[in-house]
Amino acid sequence: MDISVVLGCSLGAALGGVILASYQLGLLYQLFHKTERQSSRHGGESVADVLRAHGIRFVFTLVGGHISPILVACEKLGIHIVDTRHEATAVFAADAVARLSGPVFIEFPIDTLYPYHVVEKEFAPKNTPKGLMGKMIAWYLRNHLSNLFAGAWETRDLSPLPVHIPHATEDEVQRCVELVSRAKKPVILLGSQATLPPTPADDALESLGIPCFLGGMSRGMLGKNSSLHIRQNRRDALKDADLVLLAGTVCDFRLSYGRVLNRRSKIIAVNRDRSQLLKNSDMFWKPTVAIQGDAGSFLLRLSKALKGHKCPEEWPRSLKEGDAIKEKTERHLNPLSVLHCVDELLAEDSIIVADGGDFVGSAAYIMRPRGPLRWLDPGAFGTLGVGGGFALGAKLCRPESEVWIVYGDGSLGYSVAEFDTFTRHKTPVIALVGNDACWSQISREQVPMLGSNVACGLAFTDYHIVADGYGGKGYLIGREDESQLDDIIKKAQKECREGKAVLLNVLIGKTNFREGSISV
């Protein structure tokens, strides 16, 4: 082979290696993007600019030096900084705001947050490096720093990225129209997904006239007194139904993985996520039609295509008859009576936050959210501790609304300190605490199954005094106050309107209303 060819190949390979190394080390990028070493600007400003461009009004935080540049920059741009007493509360508050207005969660490296000269001091070696290796490491660190800040303050497009939402096809909608029009006993199971923008499902449900069981955040979708909203005896209704429409509802443990569905029923499943759409299918249940698409827009298109069609009226009427349930309790206040009383006195603009087990499970059947997005709960896995954060976010998003937290006495321990946050940030809410001195949802199964109440017992603690200490107002309510319950609740509502966060520490007794509920 000609020596010139060999040299040419070698030089070409060497040149390619140099270019590749320059690219990997960021040297090529630095040729076209300036590193402004004297600038006092910092990465917190960039974060704040992006948040403002996305319409963010609140940033929730537990303060720390690693995020101070973000907080200061956001404050300068008029973004409201809300500091909490626990970092978990900050996350839950952001979650609530995301549900009520739109989500943004961010993460970023700390070494881009402070100005160049501050970060340079941290990167610079304390002593002058000696030897070839020390000098190479020092050069690498300086180069890495230059890469971090190269072009940092150049103008960029900060507008939100487009979001792709799947939709049902015309053929899928038409097939479902045919199935629904032939059904005599149809039922809709509505999940939280049906509340998502751009098309919440509330406008379509009354038009369809099909009885509905509402789960998760879809509670409230039908308002307070809809004849279509069925709250009790879901298992029996599913056995009798000849068509079930799963609108954003998933066949997980809440539906016994699909085993509660009648195998003779026609099943229409609609979900944005294909893995959730078909969860446990062909094992315990099988969809007649499975649609990967937005539940809200699907229901709207279905109702328009079925205009003039009505479900036989005797079917929802027969299901509605099972909703009236009364229970007795031997000691303290009847929790069901307390919940019914609060429900009757709820303001029409109320938002209900659910944080607990047994007491909250009862509330989910009894309390009637007055409209869409007026019920916030942690979702399928019942994460405890969301109460303070969800209520904080909800009150900031809807300051005119009366925000209630329905707490179990166990879950209250996670976020009762946020009464300090409610006071400092002038976000008055009302906390209803079902205090039965027990982790009752666990105890209900543990005691008969294993013969011990170990680790389930709590005390009838004076939580109302804790609220007083944090600047709120607390009330202790026992059986002797039963005749005055309406008046106490109205007084709490009045104090909340006047700017005081209120805690109602209600001593409740035991009932069998929740017998058979899931605790594992």
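Side-chain atoms are counted along with the backbone in the values below, which use heavy atoms only and exclude waters and symmetry mates.
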Residue pair [X] / [Y]: nearest heavy atoms and the distance that separates them:
| X | Y | answer |
| --- | --- | --- |
| V506 | L333 | CG1-CD1, 3.7 Å |
| P211 | W315 | CG-NE1, 3.4 Å |
| C212 | L222 | CB-CD1, 3.9 Å |
| A96 | A394 | CB-N, 4.2 Å |
| D252 | R254 | OD2-NH2, 2.7 Å |
| E402 | Q493 | OE2-NE2, 3.0 Å |

Could you tell me how the ring of F58 sits relative to the ring of F60: parallel (under 30°), tilted (30 to 60°) or perpendicular (over 60°)?
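F58 and F60: tilted rings.
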
In terms of ring plane angle, is the pair H425 and H80 parallel, tilted or perpendicular, where the classes change at 30° and 60°?
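If you compare the ring of H425 with that of H80, the planes turn out tilted.
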
So do the side chains of [X] and [Y] get within less than 4.5 Å of each other, counting heavy atoms only?
| X | Y | answer |
| --- | --- | --- |
| L190 | L246 | no |
| V403 | S350 | no |
| D468 | F419 | no |
| L392 | V429 | no |
| I351 | W404 | no |
| Q276 | K279 | yes |
| F390 | D355 | no |
| L503 | K473 | no |

Quick check: does any side chain N or O of [X] sit under 3.5 Å from a backbone N or O of [Y], one acting as donor and the other as acceptor?
| X | Y | answer |
| --- | --- | --- |
| S401 | D349 | yes |
| S192 | G216 | no |
| R231 | I366 | yes |
| N505 | G434 | no |
| S101 | V97 | yes |
| Q446 | S452 | yes |
| S68 | G64 | yes |

Taking side-chain hydrogen bond (donor to acceptor under 3.5 Å, both in side chains) as the definition, give me every residue that meets it alongside R368, ordered by chain and number, with sequence neighbours left out.
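Expected list: N225, D343, E344.
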
Check: [X]/[Y] side-chain N/O donor and acceptor closer than 3.5 Å:
| X | Y | answer |
| --- | --- | --- |
| S415 | Y407 | yes |
| E206 | S226 | yes |
| D83 | T61 | no |
| H309 | S181 | no |
| Q193 | N271 | yes |
| D294 | S297 | yes |

is_close_aromatic(Y475, H464), centroid dist under 6.0 Å:
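Distance test on ring centres: not under 6.0 Å, no.
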
Residues [X] and [Y] bridged, charged N to O under 4.0 Å:
| X | Y | value |
| --- | --- | --- |
| K510 | D436 | yes |
| R444 | D358 | yes |
| D420 | R85 | yes |
| D242 | R182 | no |

With sequence neighbours excluded, what pairs up with H86 under the side chain to side chain contact (heavy atoms under 4.5 Å, CB included) test?
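Partners of H86 under the side chain to side chain contact (heavy atoms under 4.5 Å, CB included) test: A88, T89, E418.
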
Give a yes/no verdict on a cation-pi contact between R259 and F284, requiring under 6.0 Å between NZ or CZ and the six-membered ring centre and an angle within 45° of the axis.
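Ring-cation test returns yes.
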
Among L299, L306, I268, L245, find the residue that satisfies the side-chain contact (heavy atoms from CB on, under 4.5 Å) test when tested with C176.
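Filter result, single survivor: I268.
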
Matching residue for L504 among L476, L485, I477, V342 - test: side-chain contact (heavy atoms from CB on, under 4.5 Å)
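Of L476, L485, I477, V342, side-chain contact (heavy atoms from CB on, under 4.5 Å) with L504 is met by I477 alone.
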
To the nearest 0.5 Å, tell me how far [X] [atom1] sits from [Y] [atom2].
| X | Y | atom1 | atom2 | result |
| --- | --- | --- | --- | --- |
| L51 | I70 | CG | CD1 | 8.0 Å |
| C311 | I210 | SG | CD1 | 6.5 Å |
| L412 | I405 | CG | CD1 | 8.5 Å |
| K500 | K426 | NZ | NZ | 11.5 Å |
| K490 | E495 | NZ | CD | 15.5 Å |
| I188 | M221 | CD1 | CE | 11.0 Å |

Would the number of heavy atoms belonging to other residues, nucleotides or ligands and lying under 6.0 Å from CD of E498 be above 12?
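Enclosed.
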
Whether over 12 other heavy atoms sit under 6.0 Å from R424 CZ:
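More than 12 heavy atoms, drawn from other residues, nucleotides or ligands, come within 6.0 Å of this atom.
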
Step by step, work out the side chain to side chain contact (heavy atoms under 4.5 Å, CB included) result for T427 and T421.
CA-CA 8 Å; T427 50; T421 307; 5.6 Å; no

Check against salt bridge (Lys or Arg N to Asp or Glu O under 4.0 Å), D377 and R219:
CA-CA 10 Å; D377 67 26; R219 291 182 176 91; 3.3 Å; yes

Chi angles and distances behind the side chain to side chain contact (heavy atoms under 4.5 Å, CB included) call for L432, L339
CA-CA 9 Å; L432 176 69; L339 290 166; 4.1 Å; yes

